Visitor: 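Sharing a structure here in structure tokens format.
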Amino acid sequence: MTSGKRSNTKKILIIEDEPNIRELVLYNLKTGGYEGIAAEDGIAGITMVQREKPDLILLDIMLPGKTGYEICRELREEGNETPIIMLTAKTEESDKVTGLECGADDYISKPFGIRELMARIKAVLRRYEVTSEAGGARDTVIAADDIVMNVERHEVLVAGRPVELTLREFELLRYLIENRGRVFSREQLLHNVWGINYAGETRTVDVHIRHLRQKLADGDNEEKYIQTIRGKGYKVR
Ligand code: CA
């Protein structure tokens, strides 16, 4: 389906008040084959989104006029679904969570490497194209580290590699990622993911965690994504 497609050159808007970052990103967007445009404050940013209809927005958080969170929330509230990558100055988890909660698609922490930024742009654009070609409905996409889960499509990518999960493994991973940073006991997981209140079945959880780890790790360190907290349970960082 190509009806909704625009020309092949993607237009990317960066809303950022630091001239150095703005110029660096604009330069690299151009080199990378994108059309880059820029706004230096929140108000101009919103206007530019409406006028230029970019394919993707790189959005700084601390901006004069309006914050990145406000911009993000406003756009989503008015039904604008342009993919947004937040540029977070701090690395605190709370910034990232707030960014994703306000409707951003991804975030990248400053200072970022330009290669990482370009890779994120590419990934978000690809993800977005796949979902819009499927009929426009925006799928629920959740992510942690380099795991990306598409809930509606029951798809999991680990660093771009598709991973086949059973329904239960999928639900378990989804639960851990949606609550990432929190430690869950086997009993809690059994209750919250399986809906079982019988503690005698906790071995089921271990078996599923083991399979999940093997599939995600692909020969790599198996505890990379799901950590065991001794005496407590499991968590995703
Ligand atoms: Ca700033």
Side-chain angles (χ1 to χ4, degrees), residues 6 9-129 131-132 138 140-148 159 177-178 180-181 237:
R6 283 179 257 172
T9 309
K10 299 287 181 194
K11 194 190 280 183
I12 297 177
L13 167 65
I14 174 164
I15 308 178
E16 166 66 80
D17 59 323
E18 283 170 62
N20 291 344
I21 299 183
R22 218 165 50 225
E23 293 310 316
L24 178 74
V25 170
L26 280 178
Y27 172 80
N28 282 281
L29 286 174
K30 199 177 163 202
T31 318
Y34 299 105
E35 180 188 350
I37 50 174
E40 37 194 277
D41 65 64
I43 311 286
I46 287 262
T47 311
M48 212 137 177
V49 173
Q50 285 150 352
R51 199 180 58 212
E52 299 282 338
K53 303 198 179 359
D55 294 289
L56 184 142
I57 304 164
L58 300 171
L59 183 56
D60 184 30
I61 293 176
M62 297 310 289
L63 285 165
K66 267 179 205 298
T67 68
Y69 296 136
E70 289 171 320
I71 294 174
C72 183
R73 210 167 286 127
E74 267 178 46
L75 289 174
R76 294 302 186 239
E77 274 167 12
E78 67 187 36
N80 186 313
E81 297 196 335
T82 311
I84 294 175
I85 301 179
M86 306 287 283
L87 308 173
T88 69
K90 294 166 262 172
T91 49
E92 277 99 342
E93 198 64 20
S94 62
D95 277 3
K96 298 171 181 173
V97 172
T98 313
L100 293 175
E101 273 171 3
C102 80
D105 296 81
D106 203 354
Y107 53 81
I108 187 164
S109 306
K110 292 187 204 172
F112 49 79
I114 214 73
R115 284 175 73 172
E116 188 190 358
L117 178 69
M118 298 307 274
R120 295 288 183 94
I121 290 174
K122 210 171 164 185
V124 169
L125 282 175
R126 196 189 316 123
R127 203 195 294 163
Y128 185 74
E129 258 184 13
T131 56
S132 46
R138 197 181 178 82
T140 312
V141 175
I142 57 171
D145 208 327
D146 50 12
I147 303 177
V148 177
I177 289 184
E178 283 179 338
R180 67 174 187 238
R237 262 177 305 161

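Each ligand, and each atom within it, is numbered from 1 in the order the structure gives. The chain is numbered in sequence order, starting from 1. Just so it is clear, the structure is predicted and the values come from calculations on it, not from any experiment.
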Visitor: Using a 3.5 Å distance criterion without hydrogens, assess whether the side chain of Lys10 forms a donor-acceptor pair with backbone atoms of Leu125.
Guide: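 Checking the backbone N and O of Leu125 against the side chain of Lys10, no donor-acceptor pair under 3.5 Å is found.
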
Visitor: Between the Ca ion (ligand 1) and Asp17, which N, O or S atom of the residue is the nearest one?
Guide: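 In Asp17, the N, O or S atom with the shortest distance to the Ca ion (ligand 1) is OD1.
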
Visitor: Pick from Glu18, Glu16, Arg22: which one makes a side-chain contact (heavy atoms from CB on, under 4.5 Å) with Glu40?
Guide: Arg22

Visitor: Work out the angle at the Ca ion (ligand 1) between OD2 of Asp60 and O of Met62, rounded to 10°.
Guide: 80°

Visitor: Between Asp105 and Arg126, is the closest basic N to carboxylate O distance under 4.0 Å?
Guide: no

Visitor: Quick check on the Ca ion (ligand 1): does Glu18 put an N/O/S atom closer than 3.0 Å to it?
Guide: no

Visitor: Please check this pair: side chain of Arg237 against backbone of Ala144, looking for a donor-acceptor N/O pair closer than 3.5 Å.
Guide: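 Not at all, since once roles are kept as given, no pair shorter than 3.5 Å links the two residues.
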
Visitor: Closer than 3.0 Å to the Ca ion (ligand 1): does that hold for any N, O or S atom in Glu16?
Guide: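 No, since none of the N, O or S atoms of Glu16 sits under 3.0 Å from the Ca ion (ligand 1).
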
